[in-house]
*Asks:* 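Okay, here's the structure, questions in a sec.
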Amino acid sequence: MKKTYAIFKKELKHYFYSPMAYIMLTVFLFISSWFFTGMLDTYISLSINSLNPYGQSYTLSLDRDFFGPFIVNMAIIFLFFMPFLTMRVISEERKMGTFELLATSPLKNIHIILGKYFAVIFLYLIMLLFTVVYFLGVYFVFPFNIQVLLVCYLGIFLLGSTFLAIGFFCSSLFKQPIFAAVTTFGVLLLLWIAGWGVLGDFGKEISIITHIESFTKGIISLKDVFYFGIVIFFSLFSANLYIDSIRWRE
Amino acid sequence: MIEVKNLVKKYGDFKAVDDISFNIGKGEIVGFLGPNGAGKTTTIRMLTGFSPATSGQAYVNGFEVFEKPMEVKKSIGYLPEFPPVYPDLTVRDYLSFVAEIKGIEKKLKKERIDYVTQKCGLSEVIDKEISKLSKGFKQRVGIAQALIHNPLILFLDEPTSGLDPIQIIEVRNLIRELRNEHTIFLSSHILPEVSALCDKVIIIANGKIMAVDTPERLSTGMSGQKTFTFNFLDDISKAENIISQFENINNIKVVENSLEVKVNDISDIPLIVRRAVENRLDITGVIPKTASLEEVFLHLTTKEGA
Ligand SMILES: Nc1ncnc2c1ncn2[C@@H]1O[C@H](COP(=O)(O)OP(=O)(O)OP(=O)(O)O)[C@@H](O)[C@H]1O
Ligand SMILES: [Mg+2]
């Protein structure tokens with residue numbers, strides 16, 4: 001536990017001592033607020049339409065027409081962001097030779113992996129926390145039932161954590177962070193579009209994005225939670241195996 | 001402290017370390033000497049539990065490295081070939097991190113950091129970012145890192161490579177200071193370095209151990225062959241003429257204004273000097289020639305082949 005915490009602290013220092021964390025947060029805030037205001041705009045014009053007696057008869061819902069789509073939009077942003085967040089996590093240790101320090105210290109792989117994984121999750125939570133501010137703004141003007149929004153957040157949190165776990169595994173594969181980033185992006189994109197194509201229902205099952213749909217409707221489906229859990233576990237476990245195999249080859 | 005039995009490391013079909021065995025006692029400072037690609041780093045990586053051996057056993061501090069890696073890792077400090085530092089951390093942050101992963105208790109941490117800072121002469125750079133340090137300081141941070149948990153055994157892989165002459169002297173002095181408190185296993189490809197620091201030398205080439213001996217015996221006592229360099233005031237060809245008539249000389253050649261004379265027995269040297277004086281040669285120096293690593297190697301490998 002203490003050793004996991006030591007790794008965790010060290011990881012956060014890397015992100016915050018270098019411009020990395022600040023650049024990521026700034027870019028993220030910029031893009032996500034852009035999306036948010038854009039969608040808020042659309043929602044408002046839709047709601048004006050719905051007041052018009054000659055317009056379509058359609059009952060607007062904040063949950064369905066705003067929170068849900070916004071969460072899916074965030075998922076797209078994270079698809080591009082997460083590869084950068086995790087690319088250096090293992091590969092840089094190998095590139096700099098500090099992997100040898102970790103591997104010859106009385107540490108277990110699990111200390112290294114959990115410490116590092118929690119650190120990227122922590123950064124991710126900070127990003128999510130910033131977006132909460134947007135909704136607080138809406139809430140003050142127009143109080144709404146927060147239950148669905150909370151479930152949406154749980155969904156996006158699980159989805160992002162899964163992205164991070166996959167990125168983590170890819171980072172263990174390469175010595176160069178950039179290769180890890182490109183691979184992560186490729187894998188995530190494939191998992192995303194798996195539901196679109198010839199694979200049919202099976203594709204939908206393995207596609208990463210279909211599993212967040214129920215969350216956007218305010219439903220916590222155990223099957224989806226299970227899916228994310230399995231992918232996270234499997235990715236981190238594979239990273240663990242791969243890290244051991246590096247030592248066999250070196 | 002370190003016991004190695006029939007250790008082998010293969011990469012594919014290539015044997016980087018080929019069936020080596022040796023023992024190192026407590027408090028010894030041992031040099032592991034060999035040219036590039038000899039298998040030094042590979043051996044050290046096996047002994048530190050970084051990479052598993054293909055076959056054979058290694059005991060460090062009484063624990064089998066592959067069976068009890070945690071126990072071994074607690075008792076060793078390791079400076080790899082390139083200091084394993086995080087450039088974006090300060091020296092203090094870095095040492096504090098290493099202290100934590102080595103399992104040092106919180107209340108002892110500050111004391112240990114202060115100790116290694118003082119020991120390795122890092123006080124002036126303690127709050128600097130490691131990326132801003134010179135190579136010499138980085139190397140000292142690397143040594144400090146290896147010392148932080150006061151390990152019984154230190155593994156230092158080419159601790160002076162890439163340093164300038166002043167930094168080399170500083171690092172050697174530091175290692176000399178550490179010898180009383182730790183068993184030290186250091187690799188090098190420089191013979192004088194090993195002779196200056198070590199009680200014992202293990203020579204490795206092509207993954208095989210060629211010799212285990214004291215540095216003095218290795219550099220001077222190569223199977224009874226003795227080479228001396230003679231300096232004269234006189235014309236060197238005249239000197240060569242006279243000396244070369246001496247019966248017991250094995251080999252004689254002119255090297256940069258001095259004579260290099262190889263004799264079969266060291267007792268021939270006073271006879272040569274007497275002969276020179278009788279012939280009115282003015283000798284200004286007689287210097288025993290210590291073998292360079294290359295010569296020791298050449299010698300050991302040719303002996304091996306014969
Ligand atoms: N991961 C690896 N895969 C394949 N071959 C390797 C690997 N690591 C080392 N070797 C080979 O094993 C041999 C021994 O290498 P090693 O690094 O142990 O030599 P060394 O004595 O430390 O040399 P140097 O003085 O250059 O550091 C070399 O021929 C090297 O090419
Ligand atoms: Mg080496």
Side-chain angles (χ1 to χ4, degrees), chain A residues 1-24 87-116 118-119 123 175 177 240-250, chain B residues 9-12 16 41-42 44-54 60 65-66 68-90 92-94 96-106 109 129-131 142 145-146 148-149 151 155 157:
Chain A
M1 194 55 222
K2 268 191 216 155
K3 288 176 182 171
T4 306
Y5 182 58
I7 302 267
F8 174 80
K9 269 194 307 185
K10 185 218 84 175
E11 285 299 301
L12 287 183
K13 280 180 186 165
H14 285 315
Y15 287 109
F16 285 100
Y17 284 9
S18 74
M20 192 63 180
Y22 307 101
I23 295 173
M24 299 252 319
M87 63 177 182
R88 47 155 297 282
V89 111
I90 301 290
S91 57
E92 205 169 60
E93 302 273 1
R94 290 177 62 195
K95 196 172 128 198
M96 294 190 305
T98 45
F99 181 64
E100 222 167 325
L101 166 67
L102 299 182
T104 54
S105 294
L107 284 176
K108 297 208 173 83
N109 278 355
I110 190 161
H111 297 131
I112 302 174
I113 291 174
L114 289 185
K116 282 171 174 276
F118 289 151
L123 273 173
K175 266 192 181 171
N240 167 51
L241 292 183
Y242 197 83
I243 288 171
D244 275 340
S245 81
I246 295 168
R247 289 159 59 174
W248 279 95
R249 274 174 287 121
E250 297 260 330
Chain B
K9 177 77 178 184
K10 280 192 195 170
Y11 293 113
T41 301
T42 308
I44 292 182
R45 281 179 157 186
M46 288 190 280
L47 297 182
T48 53
F50 177 70
S51 73
T54 310
V60 172
V65 179
F66 317 108
K68 296 251 188 300
M70 282 296 153
E71 306 304 323
V72 169
K73 287 170 189 182
K74 277 179 203 158
S75 37
I76 61 163
Y78 173 32
L79 172 69
E81 216 161 342
F82 301 98
V85 293
Y86 296 103
D88 48 355
L89 298 189
T90 62
R92 191 190 299 280
D93 279 340
Y94 173 70
S96 159
F97 167 67
V98 179
E100 285 167 15
I101 60 170
K102 300 285 181 187
I104 294 178
E105 281 175 53
K106 207 169 172 152
K109 197 171 87 177
E129 223 175 82
I130 296 177
S131 62
Q145 153 296 116
I148 192 126
H149 52 308
F155 288 94
D157 197 355

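Below, read A as the first sequence line, B as the second, and so on, with proteins coming before strands; counting in each chain starts at 1. Only this structure's heavy atoms are used, side chains among them; waters, hydrogens and symmetry mates stay out.
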*Asks:* So what's closer than 4.5 Å to chain A heavy atoms on B:Lys9: side chain, backbone, both or neither?
*Replies:*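 For B:Lys9, the contact with chain A is made by the side chain alone.
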*Asks:* Under 6.0 Å from the CD1 atom of A:Ile110, do we count more than 12 heavy atoms belonging to anything else shown?
*Replies:*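 Counting neighbours around CD1 of A:Ile110, 12 or fewer heavy atoms of other residues, nucleotides or ligands fall under 6.0 Å, so no.
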*Asks:* Is A:Glu92 close to chain B through its backbone or its side chain, or both, or neither, when contacts mean heavy atoms under 4.5 Å?
*Replies:*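 For A:Glu92, neither part sits under 4.5 Å from chain B.
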*Asks:* Taking A:His14, A:Lys9, A:Met96 one by one, which has the highest count of heavy-atom pairs under 4.5 Å against chain B?
*Replies:*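 That would be A:His14.
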*Asks:* At their closest point, which heavy atom of A:Tyr17 faces which heavy atom of B:Asp88, and how far apart are they?
*Replies:*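 Residues A:Tyr17 and B:Asp88, closest heavy atoms: CD2-O, 3.5 Å.
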*Asks:* As an exercise: rank A:His111, A:Lys3, A:Glu100 by heavy-atom pairs under 4.5 Å with chain B and give me the winner.
*Replies:*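 The option with the most such pairs is A:Glu100.
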*Asks:* For the NZ atom on A:Lys13, are there more than 12 heavy atoms of other groups (residues, nucleotides or ligands in this structure) within a distance under 6.0 Å?
*Replies:*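 Atom NZ in A:Lys13 is crowded, with more than 12 foreign heavy atoms closer than 6.0 Å.
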*Asks:* Does B:Tyr94 form a side chain to side chain contact (heavy atoms under 4.5 Å, CB included) with A:Thr98? I'd like the steps, not just the answer.
*Replies:* CA-CA 11 Å; B:Tyr94 173 70; A:Thr98 45; 5.6 Å; no
*Asks:* With only heavy atoms counted, which part of B:Gln145 is less than 4.5 Å from chain A, the side chain, the backbone, both or neither?
*Replies:*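 Only the side chain of B:Gln145 comes within 4.5 Å of chain A.
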*Asks:* Within the distance-only criterion (no hydrogens, no angle test), does the side chain of A:Lys10 pair as donor or acceptor with the backbone N or O of B:Val98 below 3.5 angstrom?
*Replies:*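 Side chain of A:Lys10 to backbone of B:Val98: no pair is present.
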*Asks:* Rounded to the nearest 0.5 Å, how far apart are NZ of B:Lys73 and NZ of A:Lys108?
*Replies:*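 Answer rounded to 0.5 Å: 10.5 Å.
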*Asks:* For the candidates A:Ile246, A:Thr104, A:Leu107, A:Leu101, which exhibits the highest count of non-hydrogen atom pairs separated by less than 4.5 Å from chain B?
*Replies:*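 When all of A:Ile246, A:Thr104, A:Leu107, A:Leu101 are compared, A:Thr104 has the most.
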*Asks:* A quick test of your reading: do over 12 heavy atoms of other residues, nucleotides or ligands sit less than 6.0 Å from NZ of B:Lys109?
*Replies:*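 For B:Lys109, atom NZ is crowded (more than 12 foreign heavy atoms under 6.0 Å).
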*Asks:* Could you go through B:Arg45 and A:Arg247, starting from their C-alpha distance and side-chain angles, then the distance that decides it, and tell me whether this counts as side chain to side chain contact (heavy atoms under 4.5 Å, CB included)?
*Replies:* CA-CA 10 Å; B:Arg45 281 179 157 186; A:Arg247 289 159 59 174; over 6 Å; no
*Asks:* Heavy-atom pairs under 4.5 Å with chain B: which of A:Ala103, A:Gly97, A:Ser18, A:Ser105 has the most?
*Replies:*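 Winner by heavy-atom pair count: A:Ser105.
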*Asks:* Which bit of B:Tyr78 is near chain A, if near means a heavy-atom gap under 4.5 Å: side chain, backbone, both or neither?
*Replies:*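 Contact with chain A involves the side chain of B:Tyr78 alone.
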*Asks:* Name the member of B:Tyr86, B:Phe82, B:Phe97, B:Tyr11 that forms the most heavy-atom pairs with chain A at distances under 4.5 Å.
*Replies:*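 The answer is B:Tyr86.
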